[in-house]
Amino acid sequence: MSIWVDADACPRVIREILFRAAVRVELPLTLVANHILTVPASEYISCRQVPQGFDLADDYIAQQVKEGDLVITSDIPLAAEVIDKGAGVISPRGEQFTRNNIRQRLNMRDFMETMRSTGEVRGGPPALNDRDKQTFANALDRYLARHG
């Protein structure tokens, strides 16, 4: 198993949790972003920079991911695509996306996109808090214990 991170929007604190986990369980961790990221020196941690452009990091992850890999993303369309390839998905807030819940999440995403475009809804999710960080760390630990 490899861990892939949609790193353009992944909070630093979540990346740090992932760095520690990758070294602890000795799994390859690859961050994919369209900008330069600093990662710790480790044989298990790497970074791939893709060109600037809409969804290029997502496209790279979708092309590289293999069945049994884990993807960290809050991007619902990317989550759906990699789930179809047999990968696991956890959001930076600790929500696990599965075949059982991803279609509902896609529908909600599309609905909210429509609401934002009409001005009915503004803004995005609230800032990551300590509870979210703990929820993510717990979800990651559970996933790695089951699949690692």
Side-chain angles (χ1 to χ4, degrees), residues 1-113 116 123-148:
M1 172 178 26
S2 294
I3 303 171
W4 296 90
V5 182
D6 181 5
D8 283 325
C10 186
R12 176 183 299 269
V13 67
I14 299 303
R15 293 193 312 258
E16 290 170 358
I17 291 168
L18 288 161
F19 296 152
R20 289 189 299 272
V23 171
R24 184 182 76 240
V25 298
E26 299 179 347
L27 282 175
L29 170 70
T30 304
L31 285 80
V32 181
N34 62 20
H35 59 280
I36 295 172
L37 292 172
T38 303
V39 298
S42 168
E43 64 184 295
Y44 301 107
I45 302 169
S46 63
C47 186
R48 299 284 183 265
Q49 185 177 358
V50 297
Q52 295 282 334
F54 187 71
D55 285 344
L56 292 181
D58 297 353
D59 293 344
Y60 182 87
I61 292 169
Q63 291 166 3
Q64 300 299 314
V65 74
K66 297 189 177 15
E67 184 175 350
D69 285 352
L70 174 61
V71 176
I72 308 302
T73 187
S74 56
D75 186 281
I76 304 301
L78 173 60
E81 188 171 355
V82 300
I83 285 169
D84 285 344
K85 293 180 94 175
V89 182
I90 300 174
S91 79
R93 292 181 184 273
E95 181 179 4
Q96 187 169 353
F97 299 126
T98 66
R99 290 188 192 281
N100 295 330
N101 69 11
I102 195 62
R103 297 295 162 222
Q104 177 185 5
R105 297 288 301 168
L106 274 169
N107 290 338
M108 181 56 75
R109 174 200 172 268
D110 293 344
F111 172 74
M112 293 305 291
E113 185 99 355
R116 279 190 288 277
L128 205 67
N129 62 39
D130 288 338
R131 184 171 184 207
D132 295 326
K133 296 172 208 171
Q134 188 62 52
T135 300
F136 174 79
N138 291 341
L140 179 64
D141 285 345
R142 281 191 308 273
Y143 190 92
L144 294 175
R146 271 186 275 136
H147 299 94

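Keep in mind that this is a model prediction, so the values were computed, not measured. All values below come from the heavy atoms of this structure, side chains included, with hydrogens, waters and symmetry mates left out. Each residue takes its place number in the sequence, starting with 1.
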Problem - For D59, all residues meeting side chain to side chain donor-acceptor pair (under 3.5 Å), sequence neighbours excluded - result: none
Handout entry: F136 side chain reached by L18 side chain, heavy atoms, under 4.5 Å
Key = yes
Handout entry: Pairwise side-chain contact, H147 with L70, heavy-atom cut-off 4.5 Å (strictly under)
Key = no
Completion exercise
With sequence neighbours left out, the residues meeting side chain to side chain donor-acceptor pair (under 3.5 Å) with T73 are D6
Problem - Distance, nearest 0.5 Å, that separates CG of L128 from SG of C10 - result: 9.0 Å
Handout entry: Heavy-atom pair of closest approach, residues A87 and V65
Key = CB-CG2, 3.7 Å
Handout entry: Donor-acceptor side-chain pairing of Q134 and D130 below 3.5 angstrom
Key = no
Problem - For F97, the option from I76, I90, V71 that meets side chain to side chain contact (heavy atoms under 4.5 Å, CB included) - result: I76
Exercise for the section: List in chain and number order the residues that pass salt bridge (Lys or Arg N to Asp or Glu O under 4.0 Å) with E81, two or more places apart in sequence or in another chain; answer none if no residue qualifies. Expected result: none
Problem - Check: V89 and S91 side chains under 4.5 Å, non-hydrogen atoms - result: no
Handout entry: Straight-line distance of I3 CD1 to L31 CG, nearest 0.5 Å
Key = 10.0 Å
Problem - Note, V25 side chain near Y44 side chain (heavy atom, < 4.5 Å) - result: no
Practice task
Heavy atoms only: give me the nearest D69-S2 pair and the separation to one decimal.
Solution key: OD1-N, 3.0 Å
Completion exercise
For D132, the salt bridge (Lys or Arg N to Asp or Glu O under 4.0 Å) test, sequence neighbours excluded, returns R93
Practice task
Taking the side chain as every heavy atom from C-beta outward, state whether W4 and V82 have any pair of such atoms under 4.5 Å apart.
Solution key: no
Practice task
Using the test side chain to side chain donor-acceptor pair (under 3.5 Å), find all partners of D58 that sit at least two apart in sequence or belong to another chain.
Solution key: none
Exercise for the section: Ignoring hydrogens and angles, tell me if any N or O in the side chain of N101 forms a donor-acceptor pair with the backbone of T98 under 3.5 Å. Expected result: yes
Practice task
Under the side-chain contact (heavy atoms from CB on, under 4.5 Å) rule, collect the residues that match up with P40, sequence neighbours excluded.
Solution key: F19, I45
Completion exercise
Rounding to 0.5 Å, atoms CG (L140) and OG1 (T135) come to a distance of 12.5 Å
Exercise for the section: Answer yes or no: is there a side-chain heavy-atom contact under 4.5 Å between L144 and L27? Expected result: yes
Problem - Side-chain touch V32/V50, heavy atoms, less than 4.5 angstrom - result: yes
Handout entry: For A9, all residues meeting side-chain contact (heavy atoms from CB on, under 4.5 Å), sequence neighbours excluded
Key = none
Fill in the blank from the handout: Taken in chain and number order and not counting sequence neighbours, the residues that satisfy salt bridge (Lys or Arg N to Asp or Glu O under 4.0 Å) with R99 are D84
Handout entry: salt bridge (charged side-chain N to carboxylate O under 4.0 Å, His left out) partners of residues 20-44, not counting sequence neighbours, each pair once
Key = R24-D141
Practice task
Report the residues that fulfil side-chain contact (heavy atoms from CB on, under 4.5 Å) with Q49, sequence neighbours left out, ordered by chain and then residue number.
Solution key: I36
Fill in the blank from the handout: With sequence neighbours left out, the residues meeting side chain to side chain donor-acceptor pair (under 3.5 Å) with S46 are T30
Practice task
Working to the nearest 0.5 Å, report the span between CD1 of I61 and CZ of R48.
Solution key: 12.0 Å
Exercise for the section: For C47 and V39, work out which heavy atoms get closest and say how close. Expected result: CB-CG1, 4.1 Å
Practice task
Apply side-chain contact (heavy atoms from CB on, under 4.5 Å) to A33 and list each qualifying residue two or more places apart in sequence or on a separate chain.
Solution key: A7, D8, H35, L37
Problem - P92 to P11 - nearest heavy-atom pair and separation - result: CB-CD, 4.0 Å
